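Here is the structure we will look at, set down as structure tokens.
Small disclaimer: the values here were computed from a predicted structure and weren't measured. All residue numbers in this chain count up from 1 along the given sequence.
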Amino acid sequence: MNPTNTVFDANSLIGRRFDYAVVQSDMKHWPFTVVNDAGRPKVQVECKRETKSFYPEEVSSMVLTKMKEIAEAYLEKTVTNAIVTVPAYFNDSQHQATKDAGTIACLSVLRIINKPIATAIAYGLDKNIEAERNVLIFDLGGSTFDVSFLTIEEGIFEIKFTAGYTHLGGEHFDNLMVNNFIAEFKGKHKKDISENKRDVCRLCTSSEHAKHSLSSSTQSSTETDSLYEEINFYTSITYDRFEEK
């Protein structure tokens with residue numbers, strides 16, 4: 001309902017420069033504005049008739065603050081320390097920016113650990129083993145993709161190798177579908193909706209629902225009422241076509 005002031009995916013900006021190719025590419029899909037502040041990206045929004053801008057670390061800290069409040073309500077005591085997980089391919093700059101976000105949220109970040117190790121711990125893969133165990137962790141998330149091979153012996157985790165891409169995940173699949181549907185709409189109705197942020201956001205929601213449906217069926221249909229100039233947009237996509245894109 002308010003796309004230009006709805007901020008998400010700050011993790012794709014954290015620890016990155018404004019002129020990075022991946023940042024410039026993502027900006028084409030975000031409804032909110034990202035501005036250049038001496039080479040660093042800042043998210044810009046309108047709040048109470050004022051223009052405000054935030055570094056990605058500040059946006060991330062807001063999420064951490066909310067998580068801190070949830071934890072404190074559940075534990076019924078103050079939380080001051082935290083261990084934060086990050087994608088395996090995060091560089092030193094992104095690690096430091098994550099720590100900064102924790103500091104802003106009034107949290108002492110004790111450790112930054114890779115998601116593959118966090119996954120192994122969460123599944124208890126280090127429990128009840130008598131010899132060295134080899135584990136392959138496949139992690140395809142909302143915006144990152146990692147494959148890591150690690151060994152576990154006597155409670156010690158060692159990452160042997162990791163590969164992946166910090167810019168591949170569910171959101172990027174959604175963006176590909178949105179681009180495809182925008183092109184289809186333009187072909188059918190000779191109208192370009194790419195500059196209308198609210199309609200693009202609605203199309204993104206429809207695309208996400210269609211993607212979910214393809215997890216359990218070979219074809220998915222999507223319908224968006226009054227998408228652009230009161231035109232109803234109905235289309236379908238097959239699993240094979242989704243795979244091709």
Side-chain angles (χ1 to χ4, degrees), residues 1-14 21-35 41 43-49 51 54 56 59-60 62-63 66-67 70 87 115 138-146 164-245:
M1 295 179 66
N2 189 9
T4 57
N5 293 321
T6 302
V7 180
F8 55 90
D9 204 16
N11 210 35
S12 293
L13 287 172
I14 200 164
V22 290
V23 173
Q24 294 300 311
S25 174
D26 276 347
M27 285 171 56
K28 299 175 183 177
H29 298 282
W30 290 329
F32 52 88
T33 301
V34 179
V35 297
V43 175
Q44 190 175 82
V45 295
E46 296 289 330
C47 181
K48 297 179 179 179
R49 298 185 179 180
T51 300
F54 304 94
V59 178
S60 183
M62 297 175 192
V63 177
K66 182 62 178 180
M67 294 173 66
I70 294 171
K115 285 185 178 181
F138 180 94
D139 177 16
L140 179 61
S143 58
T144 60
F145 169 62
D146 297 308
Y165 191 35
T166 58
H167 221 70
L168 175 66
E171 291 182 4
H172 304 101
F173 299 154
D174 295 343
N175 290 338
L176 287 172
M177 293 180 71
V178 168
N179 291 339
N180 181 73
F181 290 154
I182 287 175
E184 184 177 334
F185 188 89
K186 188 174 183 179
K188 286 181 179 178
H189 305 287
K190 311 302 179 186
K191 297 181 184 294
D192 186 5
I193 69 171
S194 59
E195 297 301 318
N196 189 312
K197 294 182 178 181
R198 186 171 183 272
D199 286 339
V200 171
C201 280
R202 293 180 62 209
L203 198 55
C204 187
T205 301
S206 298
S207 298
E208 187 176 5
H209 291 161
K211 179 187 69 176
H212 290 169
S213 297
L214 290 176
S215 296
S216 56
S217 62
T218 58
Q219 181 170 326
S220 177
S221 300
T222 178
E223 183 172 3
T224 310
D225 296 332
S226 302
L227 179 62
Y228 186 77
E229 295 183 356
E230 302 303 316
I231 299 173
N232 297 329
F233 180 60
Y234 174 85
T235 189
S236 62
I237 185 169
T238 64
Y239 183 85
D240 290 339
R241 187 180 174 195
F242 175 78
E243 287 282 287
E244 180 184 338
K245 294 297 180 182

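- Looking at heavy atoms from C-beta onward, Thr33 lies out of side-chain contact with Thr4 at the 4.5 angstrom threshold.
- We find the CG-OG distance between Leu176 and Ser207 to be 10.0 Å, quoted to the nearest 0.5 Å.
- No side-chain donor-acceptor contact under 3.5 Å links Thr238 and Asp240.
- Remark: Asp199 engages Arg202 in a salt bridge (Lys or Arg N to Asp or Glu O under 4.0 Å) (not counting sequence neighbours).
- Using a 4.5 Å cut-off on side-chain heavy atoms (C-beta onward), Glu171 and Asp9 make contact.
- Atom CE of Met177 and atom CG of Asn175 lie 11.0 Å apart (nearest 0.5 Å).
- Aromatic ring centres of Phe233 and Tyr228 lie farther apart than the 6.0 Å criterion allows.
- Contact check for Leu13 versus Trp30: side-chain heavy atoms found under the 4.5 Å cut-off.
- Put simply, the side chain of Phe32 reaches to within 4.5 Å of the side chain of Val43, judged on heavy atoms.
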Side chain to side chain contact (heavy atoms under 4.5 Å, CB included) evaluation trace for Phe185 with Leu203:
CA-CA 11 Å; Phe185 188 89; Leu203 198 55; over 6 Å; no
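- Without hydrogens or angle criteria, His172 side chain to Gly169 main chain gives a donor-acceptor distance under 3.5 Å.
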Could you go through the salt bridge (charged side-chain N to carboxylate O under 4.0 Å, His left out) check for Lys115 and Asp146 one step at a time?
CA-CA 9 Å; Lys115 285 185 178 181; Asp146 297 308; over 6 Å; no
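- Looking at heavy atoms from C-beta onward, Ser221 lies in side-chain contact with Tyr234 at the 4.5 angstrom threshold.
- At a cut-off of 3.5 Å, with distance as the only test, a side-chain donor of Glu46 or Thr51 sits close to an acceptor on the other residue.
- For the pair Gly170 and Lys211, the tightest heavy-atom approach, listed with the atom from each and the gap, is O-NZ, 3.4 Å.
- Asn232 places a side-chain N or O within 3.5 Å of a backbone atom of Ser226 that can act as its donor or acceptor partner.
- Side-chain N or O atoms of Ser60 include none that pairs as donor or acceptor with a backbone N or O of Pro56 at under 3.5 Å.
- Around atom OH of Tyr239, no more than 12 heavy atoms belonging to other residues, nucleotides or ligands sit under 6.0 Å away.
- Residues Met62 and Phe54 are in side-chain contact: their nearest non-hydrogen atoms beyond the backbone lie under 4.5 Å apart.
- Here the CG atom belonging to Leu140 is positioned 5.5 Å from the CZ atom belonging to Phe138, to the nearest 0.5 angstrom.
- Of the possible donor and acceptor atoms, one in the side chain of Thr6 sits under 3.5 Å from a partner among the backbone N and O of Asn2.
- Remark: side-chain polar atoms of Ser213 are paired, donor with acceptor, to backbone N or O of His209 under 3.5 angstrom.
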Hey, mind stepping through Arg241 and Glu184 against salt bridge (charged side-chain N to carboxylate O under 4.0 Å, His left out) and telling me if it holds?
CA-CA 14 Å; Arg241 187 180 174 195; Glu184 184 177 334; 3.8 Å; yes
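- Ile237 places a side-chain heavy atom less than 4.5 Å from the side chain of Leu214.
- The closest side-chain heavy-atom distance from Asn179 to Phe181 is not below 4.5 Å.
- No more than 12 heavy-atom neighbours from other residues, nucleotides or ligands sit within 6.0 angstrom of NZ on Lys66.
- Between the side chains of Thr224 and Ser206, at least one donor-acceptor pair of N or O atoms lies under 3.5 Å.
- Atoms OG1 and CG, from Thr235 and Asn180 in turn, are 7.5 Å apart once rounded to the nearest 0.5 Å.
- For the atom pair Asp174 CG and His29 NE2, the distance stands at 10.5 Å (nearest 0.5 Å).
- In this view, Glu229 and Lys191 satisfy the salt bridge (Lys or Arg N to Asp or Glu O under 4.0 Å) rule, not counting sequence neighbours.
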